[in-house]
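Written out below as structure tokens is the structure these notes cover.
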Number of protein chains: 2
Amino acid sequence: MEPPRVPRLKDVAAAANVSVSAASKILRGDQSRFGEDTCRRVAEAAKRLGWRRNLLVSGIQTGRTQTVGVMIPPYDSFWVNVLSGIHRRLAEADYLPITVWQGDLDHMPHFEADEQEGVRQINRLLDRRVDGLIMWPSFGLAYEDHLADLHEKNVPVVVIDHSSDNPFCDAVTTNETQATKAVAKHLLDLGHRRIACISTRESKSQTWALERRDAFENAVHQQPDAQCMSWRLNPIGSNGVEVARELLGSELRPSAVFAVTDHEAACVYEAAASLGLSIPADLSVVGFADLDFAVSMAPPLSTVRQRPLEIGAHAASMVLDRLNGPLAGEPLGCAKIDADLILRESTGPARR
Amino acid sequence: MEPPRVPRLKDVAAAANVSVSAASKILRGDQSRFGEDTCRRVAEAAKRLGWRRNLLVSGIQTGRTQTVGVMIPPYDSFWVNVLSGIHRRLAEADYLPITVWQGDLDHMPHFEADEQEGVRQINRLLDRRVDGLIMWPSFGLAYEDHLADLHEKNVPVVVIDHSSDNPFCDAVTTNETQATKAVAKHLLDLGHRRIACISTRESKSQTWALERRDAFENAVHQQPDAQCMSWRLNPIGSNGVEVARELLGSELRPSAVFAVTDHEAACVYEAAASLGLSIPADLSVVGFADLDFAVSMAPPLSTVRQRPLEIGAHAASMVLDRLNGPLAGEPLGCAKIDADLILRESTGPARR
DNA sequence: CTGAAAGCGCTTACAG
DNA sequence: CTGAAAGCGCTTACAG
């Protein structure tokens with residue numbers, strides 16, 4: 001008795017009575033050049049023998065492994081959903097992600113990438129000949145030099161949530177402008193004219209904070225009689241409550257506050273409580289991110305919910321499109337994915 | 001000007017003035033058969049040229065890709081940490097996980113595997129010649145037939161958190177017996193003699209519930225004058241509060257309850273509150289899992305914390321050890337990872 | 001201690 | 001419309 005040998009292409013070819021090269025071409029979908037009957041015979045033989053292409057071999061031939069490296073930690077539910085979106089979109093195209101990251105859950109918030117280890121990760125991926133790469137923001141920055149290499153090697157890279165001026169990768173981010181405009185419109189429609197924005201962490205690796213504040217200010221100023229004052233926390237965002245107290249205690253107390261993150265919104269809640277201000281009667285508050293706790297705040301926080309599944313799927317699509325599709329050879333770009341304003345109970349009409 | 005061609009092994013060999021086969025052997029670590037000087041020259045040349053082995057090619061030669069398929073969704077922080085443990089251990093050995101899953105975060109709790117899609121996933125993994133496979137419990141069950149195939153193909157499979165009697169895979173689970181004994185000992189030491197266990201979901205794919213209850217009962221019964229009564233919720237565990245109320249309202253009200261999960265412990269809290277019983281004065285409660293909310297319950301819940309990082313790392317080690325190491329050819333087994341009893345404020349001495 | 005040759009399982013010019 | 005041959009970049013017997 002023979003051992004149950006994995007069938008080879010030549011077995012399929014023999015069974016279908018064609019040459020190996022004919023079988024190869026037909027099974028890759030190049031049916032046009034062969035007789036209909038031949039194609040049927042080959043397809044049938046492959047199926048009957050249970051033949052599966054050895055992707056390692058076709059990978060070294062074609063330069064494509066149908067595999068994408070993903071450097072994104074499953075840091076919180078947002079990122080897990082981004083990963084999920086990537087995974088799903090790739091699977092549809094019969095691609096698979098190879099996901100790598102550093103550290104563990106407890107050490108991710110800082111995610112100061114250990115550059116040594118990061119380069120090792122990239123190399124591990126490249127050694128397996130991934131067709132493309134998707135990374136999260138701080139990586140895109142840390143490995144800027146390597147991105148140039150990859151670009152030269154024709155390995156497309158997409159960075160998520162970081163609008164980079166890096167000329168070597170595509171990007172996909174939340175459409176901060178659209179989302180933030182919706183917030184501004186909502187507050188203006190409620191009659192608010194003295195509005196504040198609390199921002200934080202406007203660092204090089206986290207461009208969203210700056211973008212949100214900027215777009216929000218612009219949107220508010222579209223309304224001639226509206227004012228927008230912006231307050232920035234310290235770089236690590238640890239003095240949120242103090243800043244909020246100062247802001248709310250000032251003579252020019254705003255009637256509405258937009259926080260670039262739900263975390264800062266929570267600080268505003270705390271400051272408001274300590275000053276005896278009630279939300280939304282005295283003060284409307286809008287956050288951003290719709291973090292787990294937002295819905296159970298008192299009152300439930302109005303906030304902006306991003307679309308991580310869509311972001312991930314779009315990133316995957318960009319890689320695929322660069323590889324074979326419509327994006328091949330096109331200039332690099334940055335896709336913006338809309339977000340949704342979730343109205344809960346932290347916003348109300350401005351007092352006359 | 002030449003394009004920046006990726007260096008081949010023959011380039012390294014030429015630079016070091018040896019044959020390709022010599023370079024190959026030396027770079028794989030088979031230094032013994034060559035002169036010290038030769039080895040140094042080759043290593044140096046490889047480094048200087050920036051040569052990296054093409055893992056696709058060596059994969060088809062050696063049958064090893066240094067890649068492990070992982071079918072585990074990042075469902076919650078426990079599983080994310082399991083993934084993290086797997087990832088880290090594999091990376092140490094210069095292996096990489098290819099992680100695949102079905103559905104998205106919102107649909108994972110049910111995770112009724114779509115078997116069609118699951119088989120497609122396994123095939124995608126196998127097409128890329130993963131050296132082994134790690135899966136989560138329900139998959140191990142759903143693909144029992146395929147596991148036999150894989151076993152025959154010498155692809156080691158490790159299933160996590162499911163003590164299977166399946167003869168085709170290794171397993172690693174929490175050491176339910178050790179953990180549960182610690183709970184029993186703690187309650188007995190506090191003087192409790194009338195003790196209850198609330199369990200749920202003792203299904204085929206979730207063997208832990210049954211194991212916990214069983215081991216707990218045994219441990220309590222080691223104490224001659226102690227009694228243990230067990231209550232089971234309905235299969236989907238939705239009647240926890242009712243069952244707990246019944247249990248606590250009965251004449252034989254226990255002074256301590258062990259819940260096989262923090263979720264059931266929360267039900268006990270609710271039932272106790274509604275009956276005017278105070279925890280821990282009237283009733284001690286211990287949970288299992290140390291879910292996010294356990295620490296912020298009132299009073300903070302004493303519970304068992306598993307070691308997901310260690311579980312993941314051990315699973316990865318088992319695969320690696322089967323592949324080359326001490327486990328090669330050994331009979332299949334099930335590793336048990338200890339868990340830790342976290343004492344908080346929900347347990348106190350039994351009333352006299 | 002070292003190298004020439006065959007081979008892994010496919011794909012791709014190229015020739016008919 | 002189809003096939004024989006060369007080649008992808010390594011590893012591995014095998015021969016010296």
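Reminder, nothing fancy here: chain letters follow the sequence lines and each chain counts from 1.
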Please tabulate, one pair per line, all N/O donor-acceptor pairs under 3.5 Å involving side-chain atoms of residues 16-26 of chain B, not counting sequence neighbours.
from  : atom 1 : to    : atom 2 : distance (Å)
B:S19 : OG     : B:S21 : OG     : 3.2
B:S19 : OG     : B:A22 : N      : 3.1

List, with names and distances, any nitrogen or oxygen atoms from the protein found under 3.5 Å away from nitrogen or oxygen atoms belonging to nucleotides 10-13 of chain D.
from   : atom 1 : to    : atom 2 : distance (Å)
D:dC10 : OP1    : B:W51 : NE1    : 3.2
D:dC10 : OP2    : B:L9  : N      : 2.9
D:dC10 : O2     : B:Q61 : OE1    : 3.3
D:dT11 : OP1    : B:R28 : NE     : 2.9
D:dT11 : OP1    : B:R53 : NH1    : 2.6
D:dT11 : OP2    : B:S24 : OG     : 2.4
D:dT11 : O4'    : B:Q61 : NE2    : 3.3
D:dA13 : N6     : B:K25 : NZ     : 3.4

What donor-acceptor contacts under 3.5 angstrom involve side-chain atoms of residues 118-126 of chain B, with partners at least two apart or in another chain?
from   : atom 1 : to     : atom 2 : distance (Å)
B:R120 : NH1    : B:E117 : OE1    : 2.6
B:Q121 : OE1    : B:R124 : NH1    : 3.2
B:Q121 : NE2    : B:W101 : O      : 3.0
B:N123 : ND2    : B:V119 : O      : 3.4
B:R124 : NE     : A:D94  : OD1    : 2.8
B:R124 : NH2    : A:A91  : O      : 3.1

(Q) What I want to check is whether the side chains of A:R64 and A:N324 have a donor and an acceptor closer together than 3.5 Å. (A) yes
Q.
Wobble G-U and Watson-Crick pairs count when both distances are under 3.5 Å; given that, what is the 5' to 3' dot-bracket string of DNA chain C, with | for pairing to other strands?
A. |||.||||||||.|||
Q: Mind listing the closest non-hydrogen atom pair of B:G333 and B:D170 along with its distance?
A: N-OD1, 2.7 Å
**Q.** Value in whole Å for how far the C1' atom of D:dG3 lies from CG of A:N17
**A.** 13 Å
(Q) In this structure, how many angstroms lie between the P atom of D:dG3 and the CG atom of A:L27, rounded? (A) 14 Å
Q) For the side chain of A:D131 and the backbone of A:T65, is there at least one donor-acceptor N/O pair under 3.5 Å apart? A) yes
(Q) Can you tell me which residue among A:I134, A:I72, A:V172 is in a side-chain contact (heavy atoms from CB on, under 4.5 Å) with A:V82? (A) A:I72
Got a list of side-chain donor-acceptor pairs under 3.5 Å for residues 43-50 of chain A, not counting sequence neighbours?
from  : atom 1 : to    : atom 2 : distance (Å)
A:E44 : OE2    : A:R48 : NE     : 3.2

Q) If you pin B:I60 and B:S19 to their nearest nucleotides in DNA chain C, which one's is more 5'? A) B:S19
Q: If a pair satisfies side chain to side chain donor-acceptor pair (under 3.5 Å) and one of its residues is in residues 50-60 of chain B, list it, with sequence neighbours excluded.
A: A:D127-B:R52
